[in-house]
Amino acid sequence: MASEISPRAEISPKAKIGNNCKIFPFVYIEDDVEIGDGCIIFPFVSILNGTRMGKNNKVHQGSVIGALPQDFEFRGEKSECVLGDNNIIRENVVINRATHRGCQTVLGNDNVLMEGAHISHDTKVGNRCVFGYGTKIAGDCFIEDGVIFSSSVIENAKTRVGSGAMIQAGTTFSKDVPPYIICTKHVEYGGVNMQVAREHGVDEKTLKHIANAYRLVFHGKTALFDAVNQIEEQVPDGPFIRHVIEFLRNTQLGIITKI
């Protein structure tokens with residue numbers, strides 16, 4: 001089915017628009033843009049050069065996709081902002097493209113970005129994440145699948161958030177948040193995020209193993225390196241535990257504070 005495009009939208013003839021899209025009045029789309037089938041672009045949205053958008057995305061009023069990176073190292077290089085499928089991008093969201101040539105900012109599939117959220121340059125986001133009102137993600141961050149950010153969260157540059165984690169409202173953090181945990185507004189470990197972990201397919205037995213692993217990390221009196229070794233020695237092996245171990249071992253900035 002042909003796309004329904006308002007004559008009052010300003011769309012470059014060089015842009016590639018898929019089938020069965022609906023583009024409302026006052027949308028602005030630049031030359032180097034690709035939009036997949038079934039997308040809905042509401043009024044006053046700007047989709048800028050370097051954007052590669054998959055299928056069935058909904059982008060609401062006032063959002064800017066592929067905005068120039070807010071990075072002092074940016075020199076006008078050609079880069080990309082890549083969105084997967086089935087994302088809901090609410091009002092006044094900004095997603096920056098990457099800073100350097102050949103690099104990408106990436107948003108996966110089935111994510112929800114609520115009003116005023118901002119994803120900065122070169123950040124990589126997985127699938128099925130939720131970004132609450134006014135949440136700001138700085139540059140070069142890495143966010144795994146199924147992460148929930150409550151409202152007004154600030155994630156500082158180059159940090160990572162593991163699968164199934166939840167960040168409470170008003171939190172500002174500058175270190176990594178491991179998988180399947182709750183990060184409190186005091187940037188402390190608030191326990192295992194049981195409900196989301198179950199939604200990720202974690203059974204009750206494995207949940208206990210994960211809780212035991214984090215007890216060694218956050219309640220023990222050893223360095224992180226030693227705590228990870230203790231997890232390997234004391235906690236039964238499995239894919240979720242291996243994921244936790246790998247995440248902890250790969251931290252560059254350290255993890256959030258012990259309680």
Side-chain angles (χ1 to χ4, degrees), residues 12 15-16 18 27-36 39 41 45-60 62-149 153-163 165 167 173-174 176-177 250 252-253:
S12 167
K16 298 178 181 178
V27 169
Y28 174 71
I29 300 177
E30 293 189 328
D31 298 347
D32 183 23
V33 169
E34 299 176 9
I35 297 176
C39 291
I41 313 298
V45 168
S46 296
I47 303 179
L48 307 182
N49 286 328
T51 299
R52 308 285 181 262
M53 187 181 297
K55 300 178 181 179
N56 302 318
N57 295 288
K58 293 182 180 180
V59 186
H60 288 253
S63 292
V64 183
I65 311 300
L68 294 179
Q70 299 180 44
D71 183 348
F72 292 124
E73 294 184 6
F74 181 60
R75 298 291 182 269
E77 298 172 54
K78 187 175 181 179
S79 61
E80 293 184 341
C81 177
V82 179
L83 281 65
D85 304 331
N86 306 310
N87 294 293
I88 298 173
I89 298 172
R90 294 302 304 261
E91 295 81 3
N92 304 313
V93 167
V94 176
I95 306 177
N96 297 107
R97 64 181 172 95
T99 297
H100 297 297
R101 181 178 300 277
C103 296
Q104 297 177 331
T105 301
V106 177
L107 181 73
N109 305 319
D110 303 296
N111 297 290
V112 177
L113 283 70
M114 295 184 183
E115 185 272 328
H118 187 162
I119 307 293
S120 295
H121 64 88
D122 297 283
T123 283
K124 307 292 190 295
V125 178
N127 307 313
R128 304 181 309 280
C129 296
V130 176
F131 296 83
Y133 300 107
T135 286
K136 311 297 181 184
I137 309 299
D140 295 293
C141 292
F142 182 77
I143 298 165
E144 295 183 341
D145 296 343
V147 175
I148 298 175
F149 294 86
V153 172
I154 298 176
E155 178 177 356
N156 286 322
K158 300 182 179 180
T159 50
R160 302 179 303 146
V161 182
S163 298
I167 318 298
F173 64 99
S174 302
D176 294 347
V177 178
N250 288 333
Q252 299 294 316
L253 300 176

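All values derive from a computational prediction rather than experimental measurement.
- Contact check for Phe131 versus Val93: no side-chain heavy atoms found under the 4.5 Å cut-off.
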Val130/Met114 under side-chain contact (heavy atoms from CB on, under 4.5 Å): CA gap, chis, key distance, verdict
CA-CA 8 Å; Val130 176; Met114 295 184 183; 4.1 Å; yes
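- Within the 3.5 Å criterion, the main-chain N or O of Arg97 finds no donor-acceptor partner in the side chain of Ser79.
- Side chain of Thr159 to main chain of Cys141: no donor-acceptor pair is present (N/O by atom type, distance under 3.5 Å, no hydrogens or angles).
- Proximity of a side-chain donor or acceptor of Asp122 to a complementary backbone N or O of Cys103 within less than 3.5 Å is not detected.
- Using a 4.5 Å cut-off on side-chain heavy atoms (C-beta onward), Glu155 and Phe149 make contact.
- Under the 3.5 Å distance criterion, the side-chain polar atoms of Thr123 are matched with a main-chain donor or acceptor of Ala138.
- Looking only at side-chain heavy atoms (C-beta outward), Arg52 and Asp32 come within less than 4.5 Å of each other.
- Side-chain N or O atoms of Asn57 include one that pairs as donor or acceptor with a backbone N or O of Gly84 at under 3.5 Å.
- Partner Asn87 forms a side chain to side chain donor-acceptor pair (under 3.5 Å) with one of Asn111, Asn56, Asn109 and no other, that one being Asn111.
- The line from NZ of Lys58 to CD1 of Ile89 is 12.5 Å long, rounded to the nearest 0.5 Å.
- The distance from atom CG of Leu113 to atom CD1 of Ile88, rounded to the nearest 0.5 Å, is 10.0 Å.
- Counting heavy atoms of neighbouring residues, nucleotides and ligands inside a 6.0 Å radius, atom NZ of Lys136 exceeds 12 of them.
- His100 places a side-chain heavy atom less than 4.5 Å from the side chain of Glu73.
- Here NE2 of His60 is found 6.0 Å from CD of Glu91. Values are rounded to the nearest 0.5 Å.
- How far CD1 of Ile137 is from CD1 of Ile95: 11.0 Å, rounded to the nearest 0.5 Å.
- In this structure, Tyr28 and Leu48 have side chains that are in contact, with non-hydrogen atoms separated by less than 4.5 Å.
- Between the side chain of Asn127 and the backbone N or O of Asp110, no donor-acceptor pair lies under 3.5 Å.
- For Asn92 (side chain) and Ser63 (main-chain N/O), no donor-acceptor pair under 3.5 Å exists by modelled atom type.
- Under 4.0 Å is where a charged nitrogen must lie from a carboxylate oxygen, and between Asp176 and Lys158 no such pair does.
- Interatomic distance, Ile65 CD1 to Asn96 CG, rounded to the nearest 0.5 Å: 10.0 Å.
- One distance of note links CZ of Arg128 with CG of Asp145; it measures 5.0 Å at 0.5 Å rounding.
- Within the 3.5 Å criterion, the main-chain N or O of Arg101 finds a donor-acceptor partner in the side chain of Glu77.
- Heavy atoms of other residues, nucleotides or ligands lying less than 6.0 angstrom from OH of Tyr133 number 12 at most.
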